[in-house]
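Below is one structure; the comments refer to it alone.
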There are 2 protein chains.
Amino acid sequence: MINFVLSKIMEKEKTDKKDYILDVAERVFSEKGFDGASTRLISSEAGVNMAMLNYYFGSKEGLFLEIFNRKISSFQDILQNLGNDDSISAWEKMQTYIDMYGEKVVNNNCFQKLLYQEMGMNRRTDLSDKLRDMLMKNVTELNKILTEGIANGEFKTDIDIPMVIATLYGTKNYIINTPMMSSPLLGYDIQDDNMIETKLKPQIKSFMKNLLKAYLHN
Amino acid sequence: MINFVLSKIMEKEKTDKKDYILDVAERVFSEKGFDGASTRLISSEAGVNMAMLNYYFGSKEGLFLEIFNRKISSFQDILQNLGNDDSISAWEKMQTYIDMYGEKVVNNNCFQKLLYQEMGMNRRTDLSDKLRDMLMKNVTELNKILTEGIANGEFKTDIDIPMVIATLYGTKNYIINTPMMSSPLLGYDIQDDNMIETKLKPQIKSFMKNLLKAYLHN
DNA sequence: CAAAGTTAATCAAACGATTGATTAAAGTAA
DNA sequence: TTACTTTAATCAATCGTTTGATTAACTTTG
């Protein structure tokens, strides 16, 4: 019976069982943390036998790593080559980045939570290094855009580039990672998919543009 | 021998054993998370017998709660009555808040990490509610200051108050909670106490003032 | 074609290790 | 003594993992 329901879900979402387990594990890990999420809980939430996790992913850690490997590739190209495009102004690039980032990232808020949860542990592991490199690519690109904007006179000369970047990521993280604070603060449930689409996304994009426009521009 | 060293440390830091255990536990919890930090690890790091934790704090959860109870009182009065003071402008209040917040919060970065780690779990517990209420007091105060600034014409009428607050806390959290990102970004080790004092604090304060000044002001 | 063999997928049960917690005894200071 | 601290040993529960058996779907063989 459960398998019937499961198969229906899988069929609808056009994903195989392995991917489905990864989806569930991503959510559970993001809610409970790596140590707080037992393999028994993950497997029961996914409706599969406990042994299947080891069968598919080798170990709990293997499952954890696979969650990240699956997403890393799709995050690589968020704003690739945006910094090298000479046909648009630095400010237009910033706006484009804010739009893309706001779209992509808010859609993956479970993963985002998990990502920064892992980064926060700051253990020196292969995974952490890989994630840092992944995130640093975007940071570097942002750095390039901002530097260019200063050089060509679009932006003020005394802007604090690292802090601007920290503001961009930090504001988003605060909202996504602490809904217990941000929901009452914003006045709507930021865990509600409908609210995310109709209110949160436009609000974040609009605010970040206005904020940075005021700070960056001459 | 270990007890001798411990007693020397305690003597130097002028704190009793219970407080010392809480300090160690705060750090370990912030590094490993609640589930990742075993009572054996905490007790060995603190140089005390495992049973002492239960003797002093009743349970692992009791120890965890005590860490927060100890800090909550000192966080209550960060900016009490700042919003009600009519003798200074809203912008001066914001500056004062940024200074106080930047000072207090960066000094307690282990606790801050732990705090937002727990808030991020968004489980509905007494502790979470208490922490939310504690943080909400500051949010409310900020709200009051910003609303006042709009009303008296100091600030623009179309500023997004909730997002301003999210930016203020989010930027700080990003820097404190993900040193693996913020250290290479800022160009110095934000875990180094000396760097925190000489570079990070002034930089955060200065940047937040400039950023908000540009965004808020007419 | 049908029988035999092979494979991957799935399961309940159990493994050893570790967890948080408890105990009873020993130590310490007033 | 008496009351408070500290200890090593031990507890049941839970952890991640492994096992051996069973199922179902293909392949091969005669």
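Labels below follow one simple rule: chain letters A, B, ... track the order of the sequence lines, proteins then strands, and each chain is numbered from 1.
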Problem set entry | Criterion side-chain contact (heavy atoms from CB on, under 4.5 Å) on A/Leu63 and A/Leu22, from CA distance to verdict | CA-CA 7 Å; A/Leu63 166 62; A/Leu22 286 171; 3.7 Å; yes
For this session: Ignoring backbone atoms, test whether B/Asn49 places a side-chain nitrogen or oxygen under 4.0 Å from the OP1 or OP2 oxygen of D/dT5.
Result: no
Exercise. Can you name the one residue among A/Arg132, A/Lys113, A/Lys130, A/Arg123 that meets salt bridge (Lys or Arg N to Asp or Glu O under 4.0 Å) with A/Glu118?
Worked result: A/Arg123
For this session: Name the orientation class of the two ring planes belonging to B/Phe34 and B/Phe64 (parallel below 30°, tilted from 30 to 60°, perpendicular beyond 60°).
Result: perpendicular
Exercise. Does B/Lys17 put a side-chain nitrogen or oxygen below 4.0 Å from OP1 or OP2 of D/dT5?
Worked result: no
For this session: Return the value, rounded to whole Å, for the distance between atom CZ of B/Phe57 and atom P of C/dG20.
Result: 15 Å
Exercise. What integer distance in Å separates B/Leu53:CG from C/dG20:P?
Worked result: 10 Å
Seminar exercise, completed: Closest of C/dG20, D/dT7, D/dT17 to the B/Ala51 side chain is D/dT7
For this session: In whole angstrom, give the distance that lies between atom CE of B/Met52 and atom P of D/dA9.
Result: 18 Å
Exercise. Just to confirm, is there a sub-4.0 Å distance from OP1 or OP2 of D/dT6 to any side-chain nitrogen or oxygen of B/Tyr56?
Worked result: yes
Problem set entry | A/Arg27/A/Glu45 salt bridge by N-O under 4.0 Å criterion | yes
For this session: State yes or no: are the ring centers of B/Tyr215 and A/Tyr215 separated by less than 6.0 Å?
Result: no
Exercise. Of all the nucleotides listed (C/dA9, C/dA12, D/dT6), which has the minimum atom distance to the side chain of A/Tyr55?
Worked result: C/dA9
For this session: Could you tell me whether the side chains of A/Glu92 and A/Tyr97 share a donor-acceptor contact shorter than 3.5 Å?
Result: no
For this session: Starting from P on D/dA13, measure out to NZ on B/Lys60 and report it in whole angstrom.
Result: 18 Å
Exercise. Hey, would you say the A/Tyr174 and B/Tyr174 ring centroids sit under 6.0 Å apart?
Worked result: no
Problem set entry | Phosphate-side-chain proximity, B/Asn54 and C/dA21, N/O vs OP1/OP2 below 4.0 Å | yes
Problem set entry | Gap between atoms NZ and P, on A/Lys18 and C/dT10 respectively (whole Å) | 12 Å
Seminar exercise, completed: Contact check, residues 28-44 of chain A vs DNA chain D, heavy-atom distance under 4.0 Å, returns A/Ala37, A/Ser38, A/Thr39, A/Arg40
For this session: Taking only the side-chain heavy atoms of B/Met50 (C-beta and beyond), determine which of D/dT6, C/dA21, C/dA8 contains the nearest atom.
Result: C/dA21
